[in-house]
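Single-structure report; data block below.
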Amino acid sequence: MIHVKQIEKSYGARRVLANVSVQFPKGKVTSLIGPNGAGKTTLLMLIARLLEPGQGEILLGGRSIADIRIADYARQVATLRQSPDFKLRLTVEELVAFGRFPYSRGTLTPQDRLAIDEAIDFLSLEALRAAYVDELSGGQRQMAFLAMTIAQQTDIVLLDEPLNNLDMKHAVQIMRALRRLCDEQGRTVILVIHDINFAANYSDHIVAMQGGAVRFSGPAHEVVTEERLRALYDIDFHIVRNERGCVCNYFTPTGA
Amino acid sequence: MRRLFKQRTLWLAVFVLALAFLFVGANLDFDYVIPKRLARLAAIVIGGVCVAVSSIVFQTIAGNRILTPAVMGYEAVYLLLQSLLILAMGMHSVVLLGQNGNFVVSIALMLAYSWAIHYWLFRDGKNNVYFLLLLGFVLTMVIGTFTQFIQLRISPGEFAILQGFSQASFNKAQPAQLLTSALLVGAACVAVLKTLPALDVLALGREQAISLGIDYRRMVQLQLALIAVLVAVSTSLLGPTAFTGIFVANTSYALARTARHRVTLPLGCAIAITIFLAAQLLVEHVFNYRTTVGILVNLVCGAYFLALMVRTRGTV
């Protein structure tokens with residue numbers, strides 16, 4: 001359980017998060033949604049400890065994350081950010097091996113090798129194992145980075161817009177992998193995502209943000225309603241539900 | 001396998017060049033010529049290691065392949081210090097501080113400069129390569145002009161001393177200074193060796209490094225401090241090396257075909273030593289001292305830098 005308590009964060013004079021308090025349930029997939037500039041990524045980066053909060057604190061299992069050594073934190077929380085311009089000459093296997101750095105600090109043990117194999121296997125990347133990361137397509141590269149994050153074997157996985165610039169096939173692959181991480185391995189997955197349909201169909205829990213504050217949060221089916229989405233994004237939605245999930249249509253707004 | 005082969009070939013080249021450097025035209029004179037050449041060889045090896053390691057580690061931290069300590073004005077700061085010392089104390093400064101005193105002051109100043117760079121430029125990991133590059137060049141230019149201004153205010157004798165500082169050469173190293181340098185560089189290299197895996201992680205960028213449990217701020221501070229020591233040693237031992245670092249680092253990446261520092265750092269050292277040895281051989285035996293190592297090396301490496309800028313057109 002991650003408990004965000006009265007967090008405030010400003011960049012210079014601009015306040016991006018104001019008095020944000022929210023909880024992220026353990027062992028669930030939680031999506032952070034909301035319009036641009038809502039503070040979603042900032043909140044995620046604060047949980048990842050890539051940023052320091054101005055005020056307030058974040059508790060992980062009842063303990064303030066600021067009190068945890070960064071080396072220990074890396075064994076509990078893994079973060080994946082976008083990696084658009086990756087120019088390092090590394091193979092997929094070498095990249096995934098970095099996920100073991102928090103444990104082995106560079107010298108791989110047999111246990112580490114097992115974790116690397118499992119992560120590569122989990123995402124079916126065996127064929128790309130010896131490929132160079134800088135020569136992969138955007139989607140494959142994102143999978144390789146995700147494999148590194150998985151090899152880190154943390155209870156909590158944070159992802160910042162993991163579907164950015166991916167085609168539909170890779171987007172579905174990534175989302176299914178995240179779902180399986182949660183269902184099969186019991187990990188807590190928190191992601192910032194712009195595609196409302198992926199958020200609605202793949203997450204258990206949704207936190208909706210707007211203007212630096214949490215607008216509403218709750219189980220996915222409670223949050224994804226026409227009126228709430230309209231209030232959040234300021235455009236009309238038409239939601240179609242069937243046994244395979246739901247589709248939020250906002251492409252052809254009526255009456256707007 | 002091919003990588004290993006390349007590395008072996010390169011080290012073999014270093015070895016052959018070193019032997020050639022020691023014995024060509026020396027008539028096996030073990031009393032004078034060869035000890036003198038050994039001292040120069042030591043300066044070349046120490047300088048090569050300094051240039052290669054400092055440049056590659058700096059590029060890892062800065063996350064690009066154009067910036068090096070030399071481009072960022074470290075050497076300009078060193079020259080400014082030498083000018084100020086001579087302006088303030090005249091020729092006495094050389095006597096007063098002695099080689100090692102000057103050395104210690106230089107290292108302290110470089111550390112301070114490192115700290116300033118770290119404080120102003122790497123805050124929050126926001127670094128725009130072109131901003132840094134421009135800043136480095138402007139700083140180098142401003143400090144250079146300031147140094148020239150000082151040079152106009154000192155006597156010809158003092159000016160000659162300053163000239164000695166501002167041109168790369170392997171001839172000025174004294175045995176005592178070589179020993180201190182070797183010890184310092186050895187210590188810095190041990191520290192770098194201990195953090196090799198962490199350097200690989202740092203290359204992934206600030207955010208990924210933190211996410212993998214690196215205490216980013218402290219690690220960057222440590223590496224910048226090591227760089228400061230290495231640059232101070234190389235500058236006081238050889239003089240300014242300007243674009244050599246860029247050439248060495250990029251050639252090393254191209255030959256290594258991996259971003260692992262375990263490979264790129266030793267390879268870089270071999271390349272730097274090869275370049276210096278080749279240049280020194282040319283100066284001694286082909287140009288008969290009518291040109292300097294600094295001019296030769298900068299000609300090649302400066303041209304490479306220009307080519308790199310044009311070829312990549314801002315994608316570095």
Side-chain angles (χ1 to χ4, degrees), chain A residues 11-12 41 44-45 47-52 68-91 93-108 112 130 132-135 144-145 148-149 151-154 156-160, chain B residues 1 3 56 59-66 123-129 192-220 249-264 267 308 312-316:
Chain A
Y11 295 125
T41 296
L44 195 79
M45 292 305 104
I47 299 171
R49 293 184 64 185
L50 296 175
L51 294 173
E52 308 260 324
I68 304 175
R69 275 181 57 226
I70 197 82
D72 297 332
Y73 200 65
R75 279 178 239 140
Q76 298 173 51
V77 178
T79 310
L80 180 62
R81 289 217 67 184
Q82 301 157 45
S83 50
D85 52 343
F86 188 80
K87 283 188 237 70
L88 293 180
R89 193 109 187 125
L90 293 170
T91 63
E93 187 176 0
E94 283 176 311
L95 183 73
V96 178
F98 278 124
R100 301 306 296 169
F101 185 81
Y103 301 90
S104 57
R105 298 256 139 199
T107 326
L108 297 178
D112 291 327
Y132 281 103
V133 180
D134 58 346
E135 290 169 358
F145 270 90
M148 172 178 83
T149 310
Q152 216 172 322
Q153 293 189 331
T154 54
I156 297 162
V157 178
L158 308 175
L159 305 103
D160 181 23
Chain B
M1 275 301 106
R3 191 164 79 207
I56 292 176
Q59 297 202 335
T60 295
I61 295 172
N64 77 81
R65 295 181 167 194
I66 288 183
R123 272 184 309 181
D124 295 332
K126 279 182 282 185
N127 54 34
N128 177 333
V129 174
V192 169
L193 273 181
K194 286 203 160 167
T195 54
L196 269 186
L199 274 174
D200 288 338
V201 177
L202 274 188
L204 296 175
R206 172 183 176 269
E207 292 174 340
Q208 212 61 65
I210 294 176
S211 170
L212 289 171
I214 295 243
D215 189 341
Y216 185 78
R217 189 183 296 257
R218 266 192 48 206
M219 185 55 80
V220 167
N250 283 283
T251 316
S252 169
Y253 303 143
L255 288 179
R257 300 188 61 72
T258 172
R260 309 230 93 164
H261 289 80
R262 183 161 44 81
V263 181
T264 54
L267 207 56
L308 188 71
T312 58
R313 263 185 242 171
T315 53
V316 171

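Each chain gets a letter, A, B and so on, in the order its sequence line appears, and its residues count up from 1. Everything numeric in this text was worked out from a predicted model, so none of it was measured.
The part of B:Q208 that comes within reach of chain A is its side chain, from C-beta onward, which places non-hydrogen atoms under 4.5 angstrom from that chain. Looking at A:L158, neither its backbone nor its side chain comes within 4.5 Å of chain B, counting heavy atoms on both sides. For chain B, no part of A:Y73 is nearby; none of its heavy atoms comes within less than 4.5 Å.
Annotation: the span from A:R49 atom CZ to B:I210 atom CD1 amounts to 9.0 Å, rounded to 0.5 Å. Summarising the geometry, atom CG belonging to B:L204 is positioned 6.5 Å from atom CZ belonging to A:F145; distances are rounded to the nearest 0.5 Å. For the atom pair CE of A:M45 and OG of B:S211, the computed distance is 9.0 Å after rounding to the nearest 0.5 Å. For the atom pair B:L212 CG and A:T149 OG1, the distance stands at 8.0 Å (nearest 0.5 Å). A distance of 6.5 Å separates OH of A:Y132 from OG1 of B:T258, quoted to the nearest 0.5 Å. Atom CG of A:L50 and atom OH of B:Y216 lie 11.5 Å apart (nearest 0.5 Å).
Minimum heavy-atom separation, A:L90 to B:R260: CD2-CG, 4.4 Å. The two residues B:P197 and A:G106 come nearest to each other via the heavy atoms CB-CA, 3.6 Å.
Two residues are said to be in side-chain contact when any heavy atoms from C-beta on lie closer than 4.5 Å; B:I214 and A:F101 meet this criterion.
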